[in-house]
**Q** 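Mind having a look at this structure? Questions to follow.
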Amino acid sequence: QVQLVESGGGLVQPGGSLRLSCAASGNIFRDNTMGWYRQAPGEQRDLVALITSGGSTNYSDSVKGRFTVSRGNAKNTVYLQMNNLKPEDTAVYYCNLDYWLGRRTRYVYWGQGTQVTVSS
């Protein structure tokens, strides 16, 4: 069974940094996309950043230049380095795994979420 485990959230002052980690385990297709989404209270879950198995990345405009998504040396691991954090970054951050088997079957998995709070 596929499991995603996140860590690294916490409380940080504006301008500070955090590094989130996510490790996926189980029977996972090698060609996949992993990424980070976030959800603030009363709002929808939105994309923060994603990275393909080939290393291509995409970022939300609100985090470009401040956040960096990367894959670890261990397969199916992903990190989110968050610098110059702002109060508007406060949210629950979720790790995501997404892949297709053939043209018809899609698998999507989510981590449990980790709270990031940016406050003085």
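The figures here come from the full heavy-atom set of this structure, side chains too, leaving out hydrogens, waters and symmetry mates.
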**Q** Looking at Tyr79, does the NZ or CZ of Arg19 lie under 6.0 angstrom from its six-membered ring centre and within 45 degrees of the ring axis?
**A**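 The answer is yes, since Arg19 meets both limits relative to Tyr79.
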**Q** Starting from Leu18, can I reach Val63 by hopping between I/L/V/M/F/W/Y residues whose side chains sit under 4.5 Å apart?
**A**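 Same cluster: Val63 reaches Leu18 through Ile, Leu, Val, Met, Phe, Trp or Tyr contacts under 4.5 Å.
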**Q** Charged N to carboxylate O under 4.0 angstrom, Asp89 versus Lys86?
**A**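 Looking at Asp89 and Lys86, the cut-off is not met.
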**Q** To the nearest 0.5 Å, how far apart are CG in Asn76 and OG in Ser25?
**A**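 Rounded to the nearest 0.5 Å, the CG-OG separation comes out at 9.0 Å.
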**Q** Just verifying a value: how many Å separate Leu50 CG and Asn58 CG, rounded to the nearest 0.5 Å?
**A**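 Leu50 CG to Asn58 CG: 4.5 Å, rounded to 0.5 Å.
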**Q** How far apart are the closest heavy atoms of Leu80 and Ala49, and which atoms are they?
**A**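 Shortest heavy-atom contact: CD1-CB, 4.2 Å.
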**Q** From Asp98 CG over to Asn32 CG, what is the distance, rounded to the nearest 0.5 angstrom?
**A**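 Here the rounded value is 8.5 Å.
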**Q** With distance as the sole criterion, is a donor-acceptor pair present between the side chains of Tyr37 and Arg45 under 3.5 Å?
**A**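 No, because no side-chain N or O of Tyr37 sits under 3.5 Å from a partner of the opposite role on Arg45.
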**Q** Write down the atom of Asn84, the atom of Arg66, and the distance for their closest heavy-atom approach.
**A**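 Reported closest heavy-atom pair: O-NH1, 3.0 Å.
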**Q** Do Leu85 and Phe67 make a side-chain contact, defined as non-hydrogen atoms from C-beta onward lying under 4.5 Å apart?
**A**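 Yes, close enough: below the 4.5 Å cut-off.
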**Q** Please confirm whether the backbone N or O of Glu6 pairs with a side-chain atom of Gln112, one donor and one acceptor, at under 3.5 Å?
**A**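 A pair under 3.5 Å: yes.
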**Q** For Ile51 versus Arg71, what's the shortest heavy-atom pair and its separation?
**A**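 Result for this residue pair: O-NH2, 3.2 Å.
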**Q** Between Tyr93 and Met82, is any pair of side-chain heavy atoms under 4.5 Å apart?
**A**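 The answer is yes; the side chains approach within 4.5 Å.
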**Q** Any side-chain donor-acceptor pair under 3.5 Å between Thr117 and Ser119?
**A**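 No, no side-chain donor-acceptor contact under 3.5 Å.
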**Q** Are the side chains of Asn96 and Tyr109 in touch, meaning some heavy atoms are under 4.5 Å apart?
**A**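 No, side chains not in contact.
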**Q** Do the side chains of Tyr107 and Val78 join up, straight or via other hydrophobic residues, at under 4.5 Å, putting them in one cluster?
**A**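 Result: yes, single cluster for both.
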**Q** Does some side-chain heavy atom of Val2 sit less than 4.5 Å from a side-chain heavy atom of Ile28?
**A**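 Result yes, sub-4.5 Å side-chain heavy-atom pair found.
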**Q** Enter the distance from Glu43:CD to Arg38:CZ here, rounded to the nearest 0.5 Å.
**A**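 One finds 9.0 Å between CD of Glu43 and CZ of Arg38.
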**Q** Measure the spacing between CG of Leu47 and OG of Ser60 and express it to the nearest 0.5 Å.
**A**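 One finds 6.5 Å between CG of Leu47 and OG of Ser60.
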**Q** Using a cut-off of 6.0 Å, state whether more than 12 heavy atoms not belonging to Phe29 lie near its atom CZ.
**A**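 Yes, because the 6.0 Å sphere around CZ of Phe29 holds more than 12 heavy atoms from other groups.
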**Q** Are side-chain N/O atoms of Ser17 and Asn83 paired as donor and acceptor at under 3.5 Å?
**A**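 Side chains of Ser17 and Asn83: pair found under 3.5 Å.
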**Q** Any side-chain heavy atom of Trp100 within less than 4.5 Å of one from Thr105?
**A**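 They are not in contact (no side-chain heavy atoms under 4.5 Å apart), so the answer is no.
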**Q** Distance check, rounded to the nearest 0.5 Å: Trp36 atom CH2 versus Leu20 atom CG?
**A**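 Answer for the CH2-CG pair, Trp36 versus Leu20, is 4.5 Å.
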**Q** Closest heavy-atom contact between Cys22 and Met34?
**A**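 Smallest interatomic distance, heavy atoms only, reads SG-CE, 4.2 Å.
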**Q** Can you name the closest pair of heavy atoms from Tyr59 and Val69 and give their distance?
**A**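 Heavy-atom minimum between the residues: OH-N, 2.9 Å.
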**Q** Provide the closest heavy-atom pair for Val118 versus Thr90 in the form atom of the first, atom of the second, distance.
**A**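 In this case the closest contact between Val118 and Thr90 is N-OG1, 2.9 Å.
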**Q** Does the side chain of Arg106 come within less than 4.5 Å of Val108's, by heavy atoms?
**A**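 A side-chain contact exists here, since the closest heavy-atom pair is under 4.5 Å.
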